[in-house]
Amino acid sequence: MQIGRFFRRVVRAVVPPLAFLSIAGYFGWNATQGDHGMQAYQQQLGLLEQAKQARTDAQAEQNAWKRRVNGLRENTLDTDILDERARAMLNMANRNDVVIPYDRRDPLF
């Protein structure tokens with residue numbers, strides 16, 4: 001019977017601290033590696049920075065498009081520049097325009 005008592009005494013002395021240490025280890029591991037741990041928090045911060053950068057880029061692009069659209073309003077549109085760009089893009093000339101042909105090898109100035 002003495003071996004049985006010794007075994008029970010060892011079990012009572014070892015099992016509760018071992019159980020508490022394992023529970024503390026479990027919570028410690030989850031605090032660093034778990035879904036809501038420190039590493040997940042750092043990943044979320046990285047995603048937040050990416051989202052802020054994407055928002056800044058989108059706002060800059062939106063402002064650029066607003067400037068372009070405002071440039072097309074009737075009171076800010078210069079008809080001479082519009083006519084010049086249309087002719088250049090369509091490769092057309094007016095009857096009153098003077099066209100001087102030149103060779104590719106000849107300098108223009």
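FYI, the numbering just counts along the sequence from 1.
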Visitor: Would you say Asn70 has more than 12 foreign heavy atoms packed within less than 6.0 Å of its CG?
Guide: yes

Visitor: Quick check for you: to the nearest 0.5 Å, what is the distance between Arg9 atom CZ and Arg5 atom CZ?
Guide: 8.0 Å

Visitor: Quick check on the hydrophobic clustering: are Val15 and Phe7 connected, directly or via other members, by side-chain heavy-atom contacts under 4.5 Å?
Guide: yes

Visitor: Would you say the side chain of Gln2 lies within less than 4.5 Å of the side chain of Phe6, judging by non-hydrogen atoms?
Guide: no

Visitor: In Å and rounded to the nearest 0.5 Å, what is the CH2 to OG distance from Trp29 to Ser22?
Guide: 14.5 Å

Visitor: Given side-chain contact (heavy atoms from CB on, under 4.5 Å), test Leu48 with Gln44 step by step and report yes or no.
Guide: CA-CA 6 Å; Leu48 178 64; Gln44 291 295 322; over 6 Å; no

Visitor: Less than 4.5 Å apart, any side-chain heavy atom of Asp57 and any of Gln53?
Guide: yes

